[in-house]
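Bear in mind that the values here come from a model prediction, so they are computed numbers and not experimental data.
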Amino acid sequence: MGRRTKTYRGAVGLFLAGGVLLTGCSGGGTNDTSSAERGLRAAGPAPAAPGGGAAADVRRPTEGAERTDGLKEPAAPDYLSTFALDVDTASYGYARRTLADGRLPGPETVRPEEFVNSFRQGYHRPDGNGFTVSVDGARAGAEDGDWSLVRVGLATKAAPSSAERPPAALTFVVDISGSMASSDRLGLVKTSLGILTDELRDDDSVSLVTFSGEAKTVLPMTRLKDHRGKIHDAVDSMEPADSTNVGAGVRRGYEEAVDGHRKGANNRVVLLSDALANTGDTDADAILERIDSARRDYGITLFGVGVGSDYGDALMERLTNKGDGHTTYIADEEQARKVFVDQLPAHIELTARDAKAQVAFDPKTVEKFKLIGYEDRKVADDDFRDDSVDGGEIGPGHTVTALYAVRLRDGASGHVATATVRWLDPKSRAAHEETGSVETGAIDGELWGGGNPRLQVTATAAYFADNLRGGALPGAPGLGELATSAEELARTTEDASVAKLATAIADADRLKGGRSDTGTGAGEGEMD
C-alpha cells in the first residue's frame, strides 16, 4: 500500500461481560465544536495534537516500567477506545438472507456495527461538511452488576437530491463466473444495473467491465445522455462463464476508471460479485497492491455490492476497507432500489476521508467497558491524530454508531466519556475535529420501556449480532425476548426495517432452539 496503515484486526469471538459495543447512533448528549488541534476533555484527553498541546492524562497500557529486580510493573488500565469509522452494512444483509434460507450465519461473518448501522438513528445533522457528535445512553442492567449502554452517534450532512449532487463517473466491475449463474446473482445484478441506468442523470458516465477467468471491457466510459439504450444493451449481454478471477476484474476496472477519470466528478469503482475468488490473486492485499497508484493518484474509491446465498464476505470486506470504500449486500429487487436509488448519493460521494473516532472514558466514574464490533477497524490510540494512518471514507447522509456497554463505579456521578471524531476534507486534505461528551445523569434512564425507541432498536440489533457470534453482552435478553421487543419497536417506530429485524431474530431463535447465553467480566478499563 502507498501509505502506512495501522488498523488492527481483533479476534471475533466471545464478548466478555463488561462489553462495549460500537455501532451507528443518535442524539442525547452535548455537542461541542473543536479546532483540529484540540485534545479531549476531562476523562483523559486524546494524544496531543501535532505541534503542541497538553500531554494525555488518561491511563493506558504500556510495556510496563522496568523494576530494579528486573521484573516489569503491570500496565495501567486503558481508558481510550480508538477506531476507524465504517459504514458497511453487508454483514447484516447477508445474515438476514442466510437466516431466511434456514441457516445460521457463520460467526466470522457477523459484525455487530454493520447490524446497527443498517438502521435509521435520527441524529441531528450538520449544515455543512463534517460531523455532529451525539452521546447518550441508558441503564441495561445485568445479573453481575449495573451496566449501561453508552451510544456515540456521528452524522454527516443530509444527502443531496439527485439534481444537486456532482456528476458521477462509475465503473461497474461485474462477476460473470459460473457461481453467479442464478436469478439472485447475475440476474439480480442485471436488474440492479438496469435500475441504476434509468436513475442516473444525463451528465453521469458509466463503464462496464466483466470478469470470470479473465477480465473484459464491455463498455468504455460513456455519458448517459443519448446512450441509455446502449448501456442497457451492454448490461443485458452479460452471460455467466467459468472461474472467478476477482483480481483481474478489479485491476481492469481501475484501468477503465483511470482512462475515464473526470475531474470534479465522483469517480468510483463498483464491484458486484459473490466474491468467491478461485483464480488468480485471491488475497485482497495482493489485488489492491496492483492498483495502488491508481487509487492514490486519482482518489478512486471502491464500493462493494455482495450477492448470493454463498458469499465471500471476508474478501469483499477486506477489499473495500483497504480500497477506501464500503460494502453492502442485496438479496432482492427491493434492496437493489434502496441501494441504487434511495441511497445513491451516500454510496458515490465523499464527505470525509480517513475518519477516525476516539472515546476517552473517565477512570473516576467508569470501572470497565468493551467495544463490540469494529475489530478489523481498531486503531492504535497514539495514531488517532496521525493522518497517514488509514481511516474510513464517509459520504453524505451516513451515520456511524458506537455503542458501548459500560460499568460505572459504585456511586459514580459526573463525567463519563468524551468522544472526538477526526477527518480530512476530501478536497483540501485539511484535518478537522468535533467532540461531544456525556454525564452520568444522561444515562440514568432505563433502556427498555424508556422514551428512546431508536436507542432500543440500536441495542436490539447489537444484542442480536453478538448472540449470533457467540457473545454474551451483560444484560442481553434472550433471542425470543429480543424478537418480541423488535416487534413492538416496529409498531412504535412504524419502520418496516425494524419489522424485518424482528423476523430475522425469530428465525435465529428457532434455529438455535431457544438457547440463551449470559456472561460476566472482571478487571478494569477496556475489556478484550
Hey, is the main chain of [Y] close enough, under 3.5 Å, to the side chain of [X] for a donor-acceptor pair?
X    : Y    : result
E114 : S91  : yes
D101 : R103 : no
T132 : H124 : yes
N245 : G213 : yes
T156 : G397 : yes
D204 : R201 : yes
R353 : G392 : no
Y374 : D86  : yes
D88  : A90  : no
S192 : K190 : no

Between [X] and [Y], is any pair of side-chain heavy atoms under 4.5 Å apart?
X    : Y    : answer
V269 : I300 : yes
E333 : I195 : yes
D175 : L271 : no
L447 : L149 : yes
V218 : V209 : no
L479 : R510 : no
V421 : K356 : no
L371 : K378 : yes

Original post:
Can you name the side-chain hydrogen bond (donor to acceptor under 3.5 Å, both in side chains) partners of S237, sequence neighbours left out?
Top reply: none
Could you tell me whether [X] and [Y] make a salt bridge, using a distance below 4.0 angstrom between a side-chain N and a carboxylate O?
X    : Y    : result
D342 : R337 : no
D390 : K322 : no
R469 : D466 : yes
R251 : E256 : no
D136 : R454 : no
D425 : K427 : no
R97  : D332 : no
R422 : D354 : no

Establish, from distance only, whether the side-chain atoms of [X] and [Y] form a donor-acceptor pair under 3.5 Å.
X    : Y    : result
T458 : Q121 : yes
H398 : H326 : no
Q358 : T82  : yes
T89  : T328 : yes
S179 : D274 : yes
S212 : S177 : no

Original post:
What do you reckon, are the aromatic ring centroids of F119 and Y92 less than 6.0 Å apart?
Top reply: yes
Rounded to the nearest 0.5 Å, what's the gap from [atom1] on [X] to [atom2] on [Y]? Could you check?
X    : Y    : atom1 : atom2 : result
L302 : D324 : CG    : CG    : 9.0 Å
I348 : R268 : CD1   : CZ    : 8.0 Å
E349 : T351 : CD    : OG1   : 7.0 Å
L85  : R377 : CG    : CZ    : 8.5 Å
F172 : L208 : CZ    : CG    : 8.5 Å
D259 : T217 : CG    : OG1   : 8.5 Å

**OP:** Go through the steps for R228 and T197 under the test side chain to side chain donor-acceptor pair (under 3.5 Å), then give the verdict.
**Re:** CA-CA 7 Å; R228 292 181 195 272; T197 298; over 6 Å; no
If I compare all heavy atoms of [X] with all of [Y], which pair ends up nearest, and what's the gap?
X    : Y    : answer
V498 : A486 : CG1-O, 3.5 Å
L276 : D310 : CD1-O, 3.5 Å
A155 : T399 : CB-CG2, 4.0 Å
T222 : P220 : OG1-O, 2.7 Å
Y463 : L473 : CD2-CD1, 3.2 Å
M316 : A275 : CB-CB, 4.2 Å

Subject >> Full working for side chain to side chain donor-acceptor pair (under 3.5 Å) between R185 and S309 >> reply: CA-CA 9 Å; R185 298 190 186 200; S309 56; 3.3 Å; yes
**OP:** Please lay out, stage by stage, how L315 and D283 fare under the test side chain to side chain contact (heavy atoms under 4.5 Å, CB included).
**Re:** CA-CA 7 Å; L315 175 61; D283 176 74; over 6 Å; no
Subject >> Chi angles and distances behind the salt bridge (Lys or Arg N to Asp or Glu O under 4.0 Å) call for R318, D285 >> reply: CA-CA 8 Å; R318 184 74 173 167; D285 291 338; 3.1 Å; yes
**OP:** Can you establish whether the number of heavy atoms outside E214 located under 6.0 Å from its atom CD is more than 12?
**Re:** no
**OP:** Could you please spell out the steps behind the side chain to side chain donor-acceptor pair (under 3.5 Å) verdict for S207 and T171?
**Re:** CA-CA 5 Å; S207 61; T171 299; 3.0 Å; yes
**OP:** Please test R111 against E375 for salt bridge (Lys or Arg N to Asp or Glu O under 4.0 Å), starting from the C-alpha separation and ending with a verdict.
**Re:** CA-CA 8 Å; R111 293 180 291 278; E375 283 87 357; over 6 Å; no
**OP:** Evaluate the side chain to side chain contact (heavy atoms under 4.5 Å, CB included) criterion for residues F303 and T327: first the C-alpha distance (whole Å), next the side-chain angles of each, then the deciding distance (0.1 Å), finally the verdict.
**Re:** CA-CA 6 Å; F303 175 38; T327 65; over 6 Å; no
Original post:
So F464 and L468, side chain to side chain contact (heavy atoms under 4.5 Å, CB included) or not? Walk me through it.
Top reply: CA-CA 6 Å; F464 176 38; L468 287 176; 3.7 Å; yes
**OP:** Quick one: do W423 and I394 satisfy side chain to side chain contact (heavy atoms under 4.5 Å, CB included)? Show the steps, please.
**Re:** CA-CA 9 Å; W423 73 96; I394 311 297; over 6 Å; no
